[in-house]
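Convention: sequence-line order gives letters A, B, ...; per-chain numbering from 1.
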There are 2 protein chains.
Amino acid sequence: MNTLSYGLLSLLTKNSRSGYELMLHIQPFWSAKHSQIYPLLALLEQKGHVAYVHVPQSDKPDKKVYSITEQGKEALREWIAEPTDEPVTRDELSLKVYCIGLVDKEQARKMLAVREVYYRKKKERFGSLMDKLQQGSDKPLAQLEIGDDAFGMYVLVHKATMKVDTDLIWCEWMKEKLK
Amino acid sequence: MNTLSYGLLSLLTKNSRSGYELMLHIQPFWSAKHSQIYPLLALLEQKGHVAYVHVPQSDKPDKKVYSITEQGKEALREWIAEPTDEPVTRDELSLKVYCIGLVDKEQARKMLAVREVYYRKKKERFGSLMDKLQQGSDKPLAQLEIGDDAFGMYVLVHKATMKVDTDLIWCEWMKEKLK
DNA sequence: CTTATCTATGTCATTATTGACATATAAATA
DNA sequence: TATTTATATGTCAATAATGACATAGATAAG
């Protein structure tokens with residue numbers, strides 16, 4: 001079973017969710033399109049790691065709401081104990097920046113400006129996520145512990161926020177360099 | 001042509017390199033195995049974007065040293081002007097951390113400790129890279145400008161250093177949380 | 001003395017991932 | 001009014017990426 005499948009199981013330990021919702025919630029931490037997720041959910045269902053109920057909706061299309069099974073939880077626990085793969089990053093901008101001398105300052109600035117907008121939006125999204133997390137919590141997020149349900153999400157959003165702040169600092173630094 | 005192909009061309013704007021060297025130098029910024037790189041180099045050669053000379057070696061296996069052609073440089077310039085893809089990150093640890101409540105504190109600490117070692121090694125590698133960069137430069141790195149040959153590499157290594165420092169700060173923060 | 005690592009290039013089957021196609025309704029925006 | 005966005009699920013061809021296999025000499029570590 002691939003890493004994304006375990007990722008889907010991980011999300012399902014907190015809430016039952018539709019494939020569409022799973023896609024939206026996993027994307028900040030693992031890039032994946034719906035065309036990859038739906039077939040994997042079908043496989044997980046075949047294997048008995050998840051089960052779903054068909055939920056009819058009047059205003060929106062019907063959906064399948066998936067839940068993790070006891071068997072799925074057991075598979076998850078085994079996966080967590082195994083050695084963890086190293087992170088993989090692929091950023092086209094890095095490759096372009098490497099040979100940035102090929103273009104003039106103006107073009108370079110524009111390239112960086114587009115990316116800065118991307119980072120700002122990302123920061124905003126993580127900010128909202130943190131707010132939503134606080135609203136759903138009965139104690140201040142800083143007091144959450146490993147046993148608390150929201151702990152994992154909290155520490156991940158915290159990390160994401162730290163990283164996007166670093167990206168923005170680099171953008172500012174680059175603007176100075178390209179003045 | 002895919003992004004990695006352009007990445008290889010980017011590296012070749014600074015130095016002529018063998019496929020093996022290209023693999024080693026691109027990996028910090030774009031994960032790729034030799035089995036992907038060698039076929040792409042053959043394609044780039046077919047298209048006339050790169051050319052190679054066979055270099056016999058006595059102590060080590062022979063190598064093919066690739067150089068970018070004028071045509072390759074033109075392709076690069078066109079690519080840089082196009083919109084840049086958003087970065088893709090896939091980190092299995094994030095998925096595990098999300099459901100970290102499934103394991104006990106001790107196991108969680110060990111998981112994070114392995115990752116911390118990974119980050120420390122990475123930081124060291126980027127530190128060496130920066131040193132090597134300074135040795136090859138006639139002025140202090142902080143004074144490099146867009147026209148300078150080492151500028152792209154310098155700003156990239158700077159970014160990588162900032163990011164890995166952020167990762168390490170998160171690791172320390174997590175150690176506190178898991179005390 | 002043996003095993004692992006580094007150098008160096010390559011192929012190929014398998015797996016992972018994307019992008020396009022397909023369908024359908026509601027709401028918001030231009 | 002027309003187009004885009006969001007909701008919702010799915011298939012399938014094409015592309016990207018990995019891991020295993022193959023070869024081979026040198027050096028380093030255990």
Side-chain angles (χ1 to χ4, degrees), chain A residues 1-8 11 16-27 29-46 50-66 82-92 95 121 125 128, chain B residues 1-8 16-27 29-46 50-66 83-92 95 121 125 128:
Chain A
M1 229 164 54
N2 64 19
T3 308
L4 179 53
S5 300
Y6 288 109
L8 296 170
L11 292 203
S16 295
R17 292 190 188 279
S18 67
Y20 189 76
E21 284 179 305
L22 285 167
M23 176 196 63
L24 293 179
H25 282 84
I26 208 166
Q27 270 173 356
F29 310 109
W30 191 279
S31 313
K33 307 291 159 80
H34 73 275
S35 52
Q36 197 184 5
I37 290 174
Y38 288 126
L40 286 180
L41 283 171
L43 279 176
L44 285 170
E45 199 262 343
Q46 258 182 45
V50 300
Y52 73 84
V53 277
H54 185 91
V55 177
Q57 297 184 119
S58 51
D59 53 331
K60 296 182 220 173
D62 295 359
K63 61 183 175 179
K64 291 181 180 176
V65 173
Y66 289 87
E82 274 167 41
T84 305
D85 284 341
E86 293 178 356
V88 167
T89 335
R90 292 198 181 91
D91 187 354
E92 191 174 23
L95 305 178
K121 277 186 192 157
R125 279 199 302 274
S128 313
Chain B
M1 230 165 54
N2 65 19
T3 307
L4 178 54
S5 300
Y6 288 109
L8 296 170
S16 296
R17 292 189 187 280
S18 67
Y20 189 77
E21 283 178 307
L22 284 167
M23 175 195 65
L24 293 179
H25 282 84
I26 208 165
Q27 271 174 354
F29 309 109
W30 192 279
S31 313
K33 307 291 158 80
H34 74 275
S35 53
Q36 196 185 5
I37 290 173
Y38 288 125
L40 287 181
L41 283 171
L43 279 175
L44 285 170
E45 199 263 340
Q46 258 182 43
V50 300
Y52 72 85
V53 275
H54 186 92
V55 176
Q57 298 184 117
S58 51
D59 53 332
K60 296 183 221 174
D62 296 358
K63 61 182 175 180
K64 290 181 181 176
V65 174
Y66 289 87
T84 305
D85 285 341
E86 292 178 355
V88 167
T89 336
R90 292 201 180 89
D91 187 355
E92 191 173 23
L95 305 177
K121 277 184 193 158
R125 278 198 303 273
S128 313

Next item on the list: With sequence neighbours left out, write down each residue that passes side-chain hydrogen bond (donor to acceptor under 3.5 Å, both in side chains) with S16(A), or none if nothing qualifies.
Entry: S67(A)
Checklist line | Heavy-atom pair with the smallest gap, counting every atom of W30(A) and E92(B) | finding: CZ3-N, 3.7 Å
Next item on the list: Nearest whole angstrom, please: distance from the P of dT17(C) to the CG of L4(B).
Entry: 16 Å
Which protein N or O atoms sit under 3.5 Å from an N or O of nucleotides 27-30 of chain C?
none

Next item on the list: Enter the distance from Q36(A):CD to M23(A):CE here, rounded to the nearest 0.5 Å.
Entry: 12.5 Å
Next item on the list: Identify, with sequence neighbours excluded, every residue that meets side-chain contact (heavy atoms from CB on, under 4.5 Å) alongside P83(B).
Entry: none
Check: Which residue, V65(B) or S58(A), contacts DNA chain C at a nucleotide closer to its 5' end, judged by nearest heavy atom?
Finding: V65(B)
Item checked: Y20(A): partners by ring-ring contact (aromatic ring centres under 6.0 Å, His included), with sequence neighbours left out -> none
Margin query: Going by side-chain hydrogen bond (donor to acceptor under 3.5 Å, both in side chains), name the residues that satisfy it together with D85(A), two or more places apart in sequence or in a different chain.
Written below: none
Notebook entry, point to check: What's the shortest heavy-atom distance between I37(B) and G19(B), and which atoms?
Noted result: CG2-O, 4.2 Å
Margin query: If the condition is side-chain contact (heavy atoms from CB on, under 4.5 Å), which residues does K33(B) pass it with, not counting sequence neighbours?
Written below: S35(B)
Next item on the list: Using the test side-chain hydrogen bond (donor to acceptor under 3.5 Å, both in side chains), find all partners of S31(A) that sit at least two apart in sequence or belong to another chain.
Entry: none
Checklist line | ring-ring contact (aromatic ring centres under 6.0 Å, His included) involving F29(A) - partner list, sequence neighbours excluded | finding: none
Between the protein and nucleotides 18-20 of chain C, list the N/O to N/O atom pairs that are separated by less than 3.5 angstrom.
residue, atom, partner, partner atom, Å
dT18(C), OP1, R90(B), NH2, 2.9
dG19(C), OP2, K33(A), NZ, 2.9
dG19(C), O6, S35(A), OG, 2.8

Checklist line | Nearest heavy atoms of A32(A) and L4(A), plus distance in Å | finding: CB-CD2, 3.7 Å
Next item on the list: For residues I26(B) and L8(B), report the shortest heavy-atom separation together with the two atoms involved.
Entry: CD1-N, 3.9 Å
Next item on the list: To the nearest Å, give me how far apart CE (M1(A)) and C1' (dT15(C)) are.
Entry: 15 Å
Could you pull out the protein-nucleic contacts involving nucleotides 4-8 of chain C (nitrogen or oxygen on both sides, under 3.5 Å)?
residue, atom, partner, partner atom, Å
dT7(C), OP2, Y20(B), OH, 3.0
dA8(C), OP1, Q57(B), NE2, 3.2

Notebook entry, point to check: For E86(B), what residues pass the side-chain contact (heavy atoms from CB on, under 4.5 Å) criterion, not counting sequence neighbours?
Noted result: Y118(A)
Item checked: Covered region of DNA chain D, 5' end to 3' end, by chain B [heavy atoms, under 4.0 Å] -> dA16(D) to dA26(D)
Next item on the list: Take atom CG of L41(B) and atom C1' of dT9(C), then tell me their distance rounded to the nearest Å.
Entry: 11 Å
